[in-house]
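Below: one structure, written as structure tokens.
Numbers for residues simply follow the sequence, beginning at 1. The analysis underlying the following values was restricted to heavy atoms, covering all of them including side chains, and did not include hydrogens, waters or symmetry mates.
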Amino acid sequence: MTVEAADAPGPSHPLAGLLHGAALVRATALDLAILAGHLLLYPTGILPARTAAPAPSRTPAIGPAPGGALRLPAEGRAHPPVVMLHGFVDNRSVFTLLRRSLLHHGWTRVDALNYSPLACDIRSAAERLGRHVERICAESGHSRVDLVGHSLGGLIGRYYVQCLGGDARVRTLVTLGTPHTGTRVAPLLSPLPIVRQMRPDSALLAELAGPAAGCRTRFVSFWSDLDPLMVPVAAARLEHPDLSAENVRVRGIGHLALPVHSGVAAEIREALAGKGLRRAAIDAA
């Protein structure tokens, strides 16, 4: 339960710290339970996913196709393909529930790109993403895709969009717990190059903070008020004068719950359907 408005004690109220501490304990316990379940699923996500063949179209054919058949172009007939990008030392299995939710609600192609857990550079991962997106566009007939990135995956997607011309291919980029302005967590991991790129003073984040006039991609950033991996938690908000960005505050859950929570999934579906967001905050506790 989240207490807000007139019912919520202010920051200096004696109960404020107690309430926050209790909420943090609950969110941490949930994250640990999700981690335990995710460790069981992790082996299933090591290999690349197999893409199912699309179902035959029942739409009257009006365009040329191989073998002399005619068909309607895919553009405009369905949701664009969705490509999901996992976080640091993770794999596509983190999106098992979200992928199932999208497929159940009408999406026909939902891919997850695995990049090496030993990847050393966000830029090179973004280049690989670009090649993957081009292949998906060629296979699906869509000229644009949507991206969903959890944690580090959001930065990879953002670099592709802002710095590699990916805004021509990406309609919407949804980020979940992504350190847009850098996080100071886990200083012991700082020797790893890709972790240093997620620090607030990194050259890569300075590059992303630079001008991005004319960027055609819409951004939706979900950030949790109890995310222990975002220091400060507002680091997961996307604030950039040249970007069309919406921020959604998720109350009551932590970092690992963002890709699996049903309430967050519902808002992601709204964002990817192009309907706009219903609210700027979600009470997920």
Side-chain angles (χ1 to χ4, degrees), residues 49 51 73-87 92 95 98-99 102 106-115 119 121-180 204-205 207-223 236-248 258-259 264-265 267-277:
T51 302
E75 196 72 38
R77 287 195 290 125
H79 297 297
V82 176
V83 181
M84 297 176 165
L85 299 159
H86 61 78
R92 63 182 176 83
F95 292 118
L98 180 56
R99 181 176 185 272
L102 290 173
W107 275 260
T108 57
R109 178 152 187 175
V110 184
D111 286 14
L113 175 63
N114 274 357
Y115 55 90
D121 183 64
I122 289 174
R123 297 177 181 89
S124 61
E127 290 172 359
R128 182 185 174 195
L129 169 62
R131 294 190 294 271
H132 187 73
V133 168
E134 291 298 325
R135 179 174 64 81
I136 287 177
C137 288
E139 292 175 356
S140 68
H142 284 272
S143 62
R144 304 187 85 187
V145 304
D146 291 330
L147 300 181
V148 178
H150 180 227
S151 196
L152 170 62
L155 282 183
I156 293 171
R158 185 178 165 195
Y159 192 89
Y160 167 60
V161 165
Q162 279 188 240
C163 304
L164 300 179
D167 63 316
R169 287 297 196 193
V170 178
R171 187 187 65 157
T172 302
L173 170 57
V174 173
T175 66
L176 308 168
T178 290
H180 288 292
L204 184 131
L205 290 183
E207 189 175 352
L208 289 176
C215 182
R216 290 161 281 187
T217 298
R218 172 194 177 212
F219 296 83
V220 182
S221 176
F222 290 83
W223 64 284
R237 291 177 54 88
L238 177 53
E239 308 279 357
H240 192 296
D242 294 334
L243 301 180
S244 174
E246 301 167 77
N247 290 288
V248 182
L258 286 169
V264 177
E267 293 299 323
I268 291 173
R269 295 195 305 268
E270 292 288 321
L272 296 183
K275 298 178 181 178
L277 297 172

Any [X] side-chain heavy atom under 4.5 Å of [Y] side chain:
X	Y	value
Val148	Leu98	yes
Thr217	Arg171	no
Val248	Trp223	no
Arg169	Ser143	yes
Leu243	Leu238	yes
Met84	Val110	yes
Leu208	Leu205	yes
Leu129	Tyr159	no

Between [atom1] of [X] and [atom2] of [Y], what distance do you get to the nearest 0.5 Å?
X	Y	atom1	atom2	answer
Phe95	Leu113	CZ	CG	10.5 Å
His132	Tyr160	NE2	OH	10.5 Å
Leu85	Leu152	CG	CG	9.0 Å
Cys163	Arg158	SG	CZ	8.5 Å
Leu155	Ile122	CG	CD1	5.0 Å

Which atom pair, heavy atoms only, marks the closest approach of [X] to [Y]?
X	Y	answer
Arg237	His180	O-CB, 3.5 Å
Asn114	Arg128	O-NH1, 2.6 Å
Val145	Cys137	CG1-SG, 3.9 Å
Asp242	Ala212	OD2-N, 2.8 Å
His142	Ala78	CE1-O, 3.6 Å
Trp107	Arg269	CH2-O, 3.6 Å

Derivation and outcome, side-chain contact (heavy atoms from CB on, under 4.5 Å), residues Leu147 and Val174: CA-CA 6 Å; Leu147 300 181; Val174 173; over 6 Å; no
Derivation and outcome, side-chain contact (heavy atoms from CB on, under 4.5 Å), residues Leu102 and Leu272: CA-CA 10 Å; Leu102 290 173; Leu272 296 183; 4.2 Å; yes
Short question: side chain of [X], backbone of [Y] - any donor-acceptor pair under 3.5 Å?
X	Y	result
Arg144	Val170	yes
Ser221	Thr178	no
Asp146	Thr172	yes

Residues Arg123 and Glu127 bridged, charged N to O under 4.0 Å: no
Asn247 vs Phe222, side-chain contact (heavy atoms from CB on, under 4.5 Å): CA-CA, chis, key distance, verdict: CA-CA 6 Å; Asn247 290 288; Phe222 290 83; over 6 Å; no
Arg218/Leu173 under side-chain contact (heavy atoms from CB on, under 4.5 Å): CA gap, chis, key distance, verdict: CA-CA 6 Å; Arg218 172 194 177 212; Leu173 170 57; over 6 Å; no
Contacts of His150 that satisfy ring pair (Phe, Tyr, Trp, His ring centres under 6.0 Å) - sequence neighbours left out: His255
